[in-house]
Every structure is written in C-alpha cells, then in structure tokens.
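What follows is a short report on a single structure.
In what follows, chains carry the letters A, B, and so on, assigned in the order in which the sequence lines appear, proteins first and then strands, with residues in each chain numbered from 1.
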Amino acid sequence: KLYHIRYFLDDANGEQQTQESVTIATVRPETILGDTAICVHPDDERYKHLKGRFAFVPLINRKIPIIFDDYVSMEFGTGALKVTPAHDMNDYQLGQKHGLEVVDILTEDGRLNEEAQLYIGDDRFEARKKIAADLEAKGHLIKTEDYTNQLGFSERTDAVVEPRLSLQWWVSMKKLSEPALNAVMNDEIKFYPAKFRNLYRHWMENIRDWCISRQLWWGQQIPAWYAPDGSFQVAESKEKAFAQFKNPNFSIDDLKQDEDCLDTWFSSWLWPFEVFRGFSNPGNEDIKYYYPTNTLVTAPEIIFFWVARMIMSGFEYMKEKPFQEVYFTGIVRDKLGRKMSKQLGNSPDLLGLIDQYGADAVRFGILIASPAGNDLLFDDSSLEQGRNFNNKLWNAMKLVRMWGERVLGFGFRVSGSVGGGSKEISEGNGVSRSDFAVEWFENRLHEVRAELEQQYADFRLSEALKTTYSLIWDDFCSWYLEWVKPASAAQPMDAVVYEKTVAYFDQLLQLLHPFMPFITEEIYHLLKERKQGDDVCIRQYGPIQTADKEITARGELLKQVITAIRDTRVKNNIKSREPIRLHVQTNNEKAYRDVESILLKQVNAESLSFTKDAVPGTVNIVIGKEKFYLETETVLDTTSQKEQLEKDLEYLKGFLITVDKKLGNERFVQNAKPEVVALEQKKRADAEAKIRAIEESLASLSR
RNA sequence: GGACUGCUAGCUCAGUUGGUUCAGAGCAUUACUUUGACAGAGUAGGGGUCGGCGGUUCGAGCCCGCCGCAGUCCACCA
C-alpha cells in the first residue's frame, strides 16, 4: 500500500507549526520517524514556494528542512519525497549530498529503538499498523492506495529486508585495481574469449570499494579487537592486538573481537598463492614452482568476484600475476536456451543418457556443442552423432584387425617398430601397393595436427573436436582406408602398409583421446598387442613435422577426380558393377601413374591410359585444366553431360563478367592494392583457360 | 536504469587486417545409387534479402550511426 501523508509546515520565518502542509507518499510509514528532510524537484512549480521552509515530522514534531534535488521524479506520487537516510540507499546518498542528519530508528532484529520515540520495541510491521492508525486519528493520513513495489527478501528466510545504516569493513580498491587492469589490457594475462576484456575493463575502471564484512555466524571472524573506549586494533591474535594498544588502561580480557565475518571471496582471492603458503611462507619450493600458473578455467559470472580479485591480490602480495590465461566456459542451457535449474527440472539425466548413448558419446555431444565463449545448448541429437562416431571407430578397428590377420596368415611378421622415420617402403610380395596413400596420409596427419595445435592454443575446443572428427571419419575412414584396402577379399594385405596403418590409427586414437577416453583406450589395445604400461592416456605426442604441401594438394586433387568420376557414372547410369576404361589428357602423367591403383579401384575402372586428343564415344569430364574420358559399354545419353558442362560454362562466364567488370572499373584499379588487382587478373586468366577447356569438350561432344 | 555480448541455412556454429561466384561447415532433410568394416557407404539437391534502416568506400557479413530482439553482469526507485 502507498500511504499519502500530510506534513505540516512552519510559518514563513520561524517556529510555529501552521495548517499549511505538504503531502508525501510512502510504503513504509513507520520510517517517517527517521525522516530528516522532505525533498522535491527544483523545477516543480507546485513546491517552489517552499524554499527555505521547514516541515514537522508528524506525531513527534521534529523540524526538518525542505530540500530540492532533481533525483525526485515529479510524476510519481505527490512529487514530494520523505528522506530517511538511515533506511534507504538513495535517501542515504541524498543525505550525504545535502548534509542531513541520520536517524536510525531500527534495532538489529527489526524492531523500533529509542530514536524512533514511539512504538519502541515493536516489530516494524506492528509499528506500521499502529502508526497508520495514529496518523489517521491525527488527520495526517490523506488516503491509501494499492501499489505493487519491489521488495528485497532474504534468500534463506524470506524475511523482508529493511535497509539500515551500519558500520562495515572496507577494502580500498583504487590502488589495487590499476596493475590488475593493465595486466589484462596489455595481454600479460590473456582472456579467452577476449570479449570479456571489455567487461573487465569497464568494471575495473569504475571499481567501488569492497565491503568485506558479513553479518554471518560462520566463516572467518574479522581479526579486529575493540577496547572499551571503542578504539580498535587489527592483528593476527588477541594477544598481538592487545600489545598494539599503547599504554592500555584496561586488561586483555576487556578486548572484544568484531563479531562480523569476512566475505567468502576475501579468502578466495588469496587462493593462487596461499594454497602454497606463498604469502605466509614466502619463497618455498611449491610457490616457486606453481606461481604464476598457466591457466585458470572458470565461469564468466564470477569474473569480478573471483578472477579480478585474484589478479589484484596477486600483484599486491606477490608482485606478480597469478596466471597467464583465463578460459571462461559457457553456461549449460537446455534446448530452449534456459539455464539448467532444479526448479525447472530441466537438467539432463546424465547417467540415463550414458546408459542410452555411452559415456564417450555424451562427452562428444557436450564438447561438440561448446564453441569457445558461447553458452552450451544441450541437445540429445549431438549425442546421437557421438554414438554414431563410436560405431564408426569400432568398425574401422574391425577392418584393420581383419587385415592384420590376413597379413599374418600369409606369413608376414609384424615387427614391433612401427611408424619410424623410414620413408622407404620395402618391396612386398607382388601385391599392388598404395605408396601414395601412405605418404599422403602421413602428410595429411601433420597438416591437421598443426591446425589442431592452433585451435587448442586458442581454446577452440569444439572446433578441435570437429577437426579431429573429420580427420578420422573423412580422411582416414572414407579415403585412406579405401585407398589401401586390397582390391578383393582374396588378396592379402601388404605388411608395410598394414604397419603404417596401425601406426596412423594409434595417432588418431591419441588425438581423439581427450574427447573420448574410453573407446580410444579400448580400441588402442584391441588393435595390437601392447606392452604393459603402453596406454593412450599416457602416450607422448611425437613432434609435428611440416607437411609436404605438394603431396597434400595431390591428395585433394585425387579426391576431387574420384568424386567427379563417380558423379559422372551416376549421371550416366553406368552400373556400379560395370568397369570402365579411363583415358586421361594431362601434362603430368607421372602423377596419375602414382595413383593408378587407387584411382582404378575407387571408380571401378579396368584400365588407365593417357591420350593427347579427345577420345570419341566417351563421356567427357573437365576438372581444372585436365580432361578425363570414360569409356563404357553402356549406351550413352550425352544430354546430361552436356547439361553439366553448360552449367559449368555458364557459371564460369558469369564469374568472368564480374571479374571483368571489376577490372574495367577505373576507380577499382586505381584505389585497390596492387596485389588485389593482380589477383583479379589471375582469376580472369584461370577462368578463361577453364572456359576454353569446357568449350573444347562441348565441341567434341557434338561431333 | 547502466554496462557488456550476441543476432549468418530447420538446429549448432565458422567467416582471420573490408577484395575470388562469399554467402560457408557439421548435423538434420530430400532424391538416386549401393550394401562384403559400417544401426552404414557413394553422388547430387533443397534451404539464408548475413536482425532492421541509414552512412563511409571503387567494393560491406566484416567499418560507423540509429533502432529492434535476446542473453549476462551490476545497480535497484519512494
């Protein structure tokens, strides 16, 4: 309820109370006993005549000034505000500003005290009822109206919180904050993701002093001791405090320790060094080794409570930053973006999900969905992806094991040393080998590992998982294993290729292990007999070598060629069982000789030959500047390949137009950087060459 | 109320100092093919006016301004 209460004014120059009045509105009428002013807006025409006048607090007749401040909103209530500095934050600030008296009318347990003069010892709610009745009886209460306002409730007891002025311990923060702010701004301490730097800076630049005392019964009691006269000393112990009083005229038993406790963060901010006794026992071995540490992993919502303060205390007490990097994790939310909470009951049943999908799948599902710096939306579908990935790994293991048996069955001995530096691959026993596949994957592995290294350094964990996932599923399973797979079930596996394959598999398991620890360890041991203590979880990474770009590029081209030929087969309805004969028109025959066995197998071709001219009666594909001719028994319908070629041609011509337009724009040529212009010219040349190749193919088709 | 962050495909997200036809990836979805490691594999496709409106520039998903929506933290109004 909102009470409208009339305060009578003094006469224009003095003492006497008059019938003239001003009406204020309040939801807490009992606090009028603590009023020390009435405040109105300086521009409010209704009250301008009140300048210099005084009002009398109803019932107790304390004379209080009328002040003017634009803090008051003219629209709310009557436009006049009663000021109670002791029991309202804003009123307190007004009081400070206007030099008002402070009258605290409440006791610690919410009853009225002597200062209130009335209802002494009554509970605040009891007093509210009584004063309302008394005000009405004395003609001060104009009216009441219903009003909903925001009240503070105790988190634990639900009691209504009444603001009350009290003495507290504070830490002055200005000096502490400066080195801590600088350290983050100049990247001496790095935040991941970096967006939190702005938040941090804003807080640090507007830092307020830190109130460290809490009115709690548990926690660390504040080590301050009071003498009977109210003076105090801060010390480690009562004895030391007593010693600090000069010429005390009281005994040590008269000292009384402060009853308040320290804010919980006041001990937490010492954590980085004091867990190693770095302050209380400076220079010990542990602190020298562990301080500063590398990385703090924590939640963004405690960036001020904890992170900022650890940085401040580190510089203050250790003269050194506490850590080099801070990684802020996201908050786990449900599919609808809501925080997980007990009240909503939307937390996932992790044990149930583990039963359903497997522990590694759950880990996978969570990690794949946690991009650096974003919240994590928890959704079952990503767990399914994790489960399928488990399955994929398992099947790849089964395949490789099968090959292993076949190698051994043919009398090969699998030696213990795998994956050494030797690039030379010994001659097998006449089976077709895939030297290129082995060489390609080796380089591909190094290439991806370098990529992963960077992603880990940037804390891009979900991307690192995606990269690993794709390396295993696409590069290893879809391409590499198919490339080294013997052409038929009857053919044995080459021993050297087999050993390399197992070694690559080992490395992949190792890369994946942090994300999926269980299945990787399991497969690691199923793949091969291991010595005691040879486990993925403690395996050391080998050095990352520079990948041979030439080889990885050839691998990419090979994939592209295989995909294009498969596409052509589908489009021309060539049955997958029917072998084709492949003719290649290229100026790099050796490159295709090297991958011949792979290419034949992957597109089901029975022969590969090179040609200088178009081969009549074949299907015709253009990849880059090279041409491929597919010879087949199937009756060909050239419409679809014409369509494809024309589509490509149209695309390229459109591309050429945009490039030409750009190069024809004088302002572009003048203003753009020279290398950008050169790039455009190269694009034009490339496009023109491709267009020529396609036009030739189209011409040979219609012949 | 203040501040910070985000807004790109059905979903989750990339997009590095503005410069390839830049509009992408994964998952999901559709069609066809295949099924001899695969509760699968292969090939192709659909799907977005990059939150909105202005501006700067030869050129904007990217830079600037205003607005909208969402999230978070801080402060909290008689």
Original post:
How would you label the contact of A:Glu482 with the nucleic acid (heavy atoms, under 4.0 Å): base, sugar-phosphate, or nothing?
Top reply: base
Subject >> Rounded distance in Å between the C1' positions of B:G68 and B:G54 >> reply: 15 Å
Subject >> Side chain of A:Gln385 - closest among B:U43, B:C13, B:G26 >> reply: B:G26
Original post:
To the nearest 0.5 Å, what is the distance between CD1 (A:Ile32) and CD1 (A:Ile5)?
Top reply: 5.0 Å
Original post:
If the P atom of B:A75 is compared with that of B:A3, how far apart are they to the nearest Å?
Top reply: 16 Å
Original post:
Can you tell me how far C1' in B:C73 sits from the matching atom in B:U17, rounded to whole Å?
Top reply: 31 Å
**OP:** Looking only at side-chain atoms of A:Leu399, point me to the closest of B:C73, B:A37, B:C58.
**Re:** B:A37
**OP:** Write down the distance separating the P atoms in B:G10 and B:G46, rounded off to the nearest Å.
**Re:** 14 Å
Original post:
So does A:Glu463 reach the base of B:A25 with its side chain, donor to acceptor, closer than 3.5 Å?
Top reply: no
Original post:
Any chance the side chains of A:Asp69 and A:His98 put a donor and an acceptor closer than 3.5 Å?
Top reply: yes
Original post:
Which one, B:A14, B:C13, B:U43, comes nearest to the side chain of A:Arg460?
Top reply: B:A14
Subject >> Rounded distance in Å between the C1' positions of B:U12 and B:U56 >> reply: 34 Å
Subject >> N/O (side chain, A:Lys485) to phosphate O (OP1/OP2, B:A37) under 4.0 Å >> reply: yes
Subject >> Spacing of the P atoms in B:G26 and B:A70 (rounded, Å) >> reply: 33 Å
Original post:
On a whole-Å scale, what distance lies between the P atoms belonging to B:A23 and B:G47?
Top reply: 15 Å
Original post:
Taking for each residue the nucleotide of RNA chain B bearing the nearest heavy atom, is the 5' side occupied by A:Arg577 or by A:Val659?
Top reply: A:Val659
**OP:** Ignoring backbone atoms, establish whether A:Asn198 has a side-chain N or O less than 4.0 Å from OP1 or OP2 of B:U5.
**Re:** yes
Original post:
B:U34 pairs with which nucleotide, Watson-Crick or G-U wobble, both distances below 3.5 Å?
Top reply: B:G40
Original post:
For the rings on A:Trp265 and A:Phe305, is their centre-to-centre separation under 6.0 Å?
Top reply: yes
Original post:
Under 4.0 Å: is that the gap between some side-chain N or O of A:Thr563 and OP1 or OP2 of B:U43?
Top reply: yes
**OP:** Look through every strand shown and name the nucleotide pairing with B:U20 as Watson-Crick or G-U wobble, where both distances are under 3.5 Å.
**Re:** none
Original post:
B:U56 pairs with which nucleotide, Watson-Crick or G-U wobble, both distances below 3.5 Å?
Top reply: none
**OP:** Write down the atom of A:Asp88, the atom of A:Asp91, and the distance for their closest heavy-atom approach.
**Re:** OD1-N, 3.0 Å
**OP:** State whether the side chain of A:Ser478 and the backbone N or O of A:Asp475 hold a donor-acceptor pair below 3.5 Å, judged by distance alone.
**Re:** no
Subject >> Options B:U5, B:A37, B:C58, nucleotide nearest the side-chain atoms of A:Lys195 >> reply: B:U5
**OP:** Applying side chain to side chain donor-acceptor pair (under 3.5 Å), run through A:Thr84 and A:Tyr92 and close with a yes or a no.
**Re:** CA-CA 7 Å; A:Thr84 321; A:Tyr92 179 72; over 6 Å; no
Original post:
A:Ser478 near the nucleic acid: base, sugar-phosphate alone, or nothing, with a heavy-atom cut-off under 4.0 Å?
Top reply: sugar-phosphate
Subject >> Short side-chain N/O contact to B:A39 OP1/OP2 from A:Asn395, under 4.0 Å >> reply: yes
Original post:
With a 4.0 Å cut-off on heavy atoms, is A:Tyr200 in touch with a base, just the backbone sugar-phosphate, or nothing at all?
Top reply: nothing
Original post:
Taking only N and O in the side chain of A:Tyr469, is any of them less than 4.0 Å away from OP1 or OP2 of B:C27?
Top reply: yes
Original post:
Base, sugar-phosphate, or nothing for A:Asp91, non-hydrogen atoms under 4.0 angstrom?
Top reply: nothing
Original post:
Choosing from B:U43, B:A41, B:A3, which nucleotide comes nearest the side chain of A:Lys392?
Top reply: B:A41
Original post:
Between CG of A:Asp506 and OH of A:Tyr504, what distance do you get to the nearest 0.5 Å?
Top reply: 12.0 Å
Original post:
On a whole-Å scale, what distance lies between the C1' atoms belonging to B:A9 and B:U30?
Top reply: 15 Å
Original post:
How is A:Ala396 classified with respect to the nucleic acid when contacts are heavy atoms under 4.0 Å: base, sugar-phosphate, or nothing?
Top reply: base
Original post:
Where each residue is assigned the nucleotide of RNA chain B containing its nearest heavy atom, which of A:Cys477 and A:Thr568 is assigned the position nearer the 5′ end?
Top reply: A:Cys477
Subject >> Base partner of B:G68, which must satisfy Watson-Crick or wobble distances under 3.5 Å >> reply: B:C7
Original post:
When you check the phosphate oxygens OP1 and OP2 of B:A41, does a side-chain N or O of A:Trp473 lie under 4.0 Å from one of them?
Top reply: yes
Original post:
Among the nucleotides B:U34, B:G42, B:A37, which one has an atom lying closest to any side-chain atom of A:Lys575?
Top reply: B:U34
Original post:
Counting any heavy atom closer than 4.0 Å, what does A:Asn391 reach on the DNA or RNA strands: base, sugar-phosphate only, or nothing?
Top reply: base
Subject >> Contact under 4.0 Å: A:Arg197 side-chain N or O vs B:A3 OP1/OP2 >> reply: no
